[in-house]
Amino acid sequence: MAGEVVEVGAEALGGFAVGDRVQSIAAVPCGDCYECKKGWMEVCQNQTSVGYQYDGGFAEYMIVPEQVLKVDGLNRIPDNVGFDEGSAAEPFACAINAQEQLGIEEGDFVVVFGAGPIGCMHIRIARGVHKAGTIVLVDVNAERLKMSADAVQPDATIDASKVDVVAEVMKMTDGRGADVIITATPANVTQEQAISMAARNGRISFFVGLPKNDPYIQCDSNLVHYRQLHIHGANGSSPAHNKRALEYISTGQVPVKDLITKHIPLEDVLQAFDIVAKGEAIKVTVEP
Ligand SMILES: [Zn+2]
């Protein structure tokens with residue numbers, strides 16, 4: 001969420017003033033638990049969320065919860081960053097969190113499963129921040145794969161509905177496998193394919209969760225053991241990741257403007273859900 005401050009509570013933290021342009025975190029850590037104190041705010045035990053416990057951003061006005069200010073979760077938007085880009089900082093922050101765990105090195109061969117907005121952001125971050133080498137985007141929906149590939153220009157795409165994606169990656173890497181694999185889709189099979197295509201010392205992010213009623217995959221544990229694989233989870237983002245996202249957008253290291261392909265007025269918000277459900281846009285913003 002992003003917007004302009006129109007009123008400031010008498011005891012509000014942060015020194016904000018009317019007219020400030022701000023972006024808010026969505027997942028709100030408590031700031032007090034063991035994980036928060038360790039600096040792992042994205043896995044806070046007592047996490048609440050704007051849109052669940054607090055009224056959210058599909059409104060002309062919203063109140064920024066006290067708890068957001070308490071954990072330094074309201075960020076000033078740099079002057080050269082639009083509200084639409086600011087609103088994209090949160091999903092972007094989640095991708096930053098995941099990639100920071102992967103130790104991506106310059107030149108690494110990276111595979112991203114899922115040609116949605118998050119897959120696109122992953123490609124931009126891997127390239128713009130971590131200087132990855134060859135980046136391959138994989139999806140089973142040819143149209144979405146093309147739309148996203150046109151936008152973020154991966155080095156190659158694989159339509160996994162047509163070819164054996166593991167064999168294809170092995171061929172592209174002369175049998176070595178991919179250094180980094182990010183699964184940005186809730187399809188169980190992609191996590192299994194990620195393990196099968198990982199290079200020695202390969203790093204995998206199970207970025208997107210699986211369906212609640214079917215969260216299991218088959219894992220060749222010996223591949224993990226002998227190839228020394230590193231499998232990471234990723235749960236949302238911390239306030240610090242949100243700040244970093246705004247910074248990367250502002251410096252141009254990771255552009256997001258062109259990924260926002262639809263701007264929908266608030267009164268048509270239901271249409272925005274349809275567009276997302278049908279995969280007709282990369283990123284959609286709802287604007288009062
Ligand atoms: Zn906490």
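Since the model is a prediction, treat every value here as computed from it, not as a measurement. All ligand and atom numbering here is 1-based and tracks the order in the structure.
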**OP:** Determine whether the aromatic ring centres of Phe113 and Phe206 lie less than 6.0 Å apart.
**Re:** no
Donor-acceptor pairs under 3.5 angstrom involving side-chain atoms of residues 86-104: please list them, not counting sequence neighbours.
| unit_1 | atom_1 | unit_2 | atom_2 | d |
| --- | --- | --- | --- | --- |
| Ser87 | OG | Asp84 | O | 2.7 |
| Asn97 | OD1 | Gln101 | NE2 | 3.4 |
| Asn97 | ND2 | Gly236 | O | 3.0 |
| Gln99 | OE1 | Ala126 | N | 3.3 |
| Gln99 | NE2 | His122 | O | 2.9 |
| Gln99 | NE2 | His122 | ND1 | 3.0 |
| Glu100 | OE1 | His241 | NE2 | 3.2 |
| Glu100 | OE1 | Arg244 | NH2 | 2.9 |
| Glu100 | OE2 | Arg244 | NE | 3.0 |
| Glu100 | OE2 | Arg244 | NH2 | 2.9 |
| Gln101 | NE2 | Asn97 | O | 3.3 |

Original post:
Under the side-chain hydrogen bond (donor to acceptor under 3.5 Å, both in side chains) rule, what pairs show up with a residue in residues 111-121, not counting sequence neighbours?
Top reply: none
Original post:
So which protein N/O/S atoms does the Zn ion (ligand 1) have within less than 2.8 Å?
Top reply: Cys30 SG, Cys33 SG, Cys36 SG, Cys44 SG
Subject >> Over 12 non-hydrogen atoms of neighbours within 6.0 angstrom of CD in Glu267 >> reply: yes
**OP:** Considering only NZ, NE, NH1 and NH2 on the basic side and carboxylate oxygens on the acidic side, decide whether Asp108 and Lys131 come within less than 4.0 Å.
**Re:** no
**OP:** Could I get the full list of salt bridge (Lys or Arg N to Asp or Glu O under 4.0 Å) partners for Lys162, not counting sequence neighbours?
**Re:** Asp159
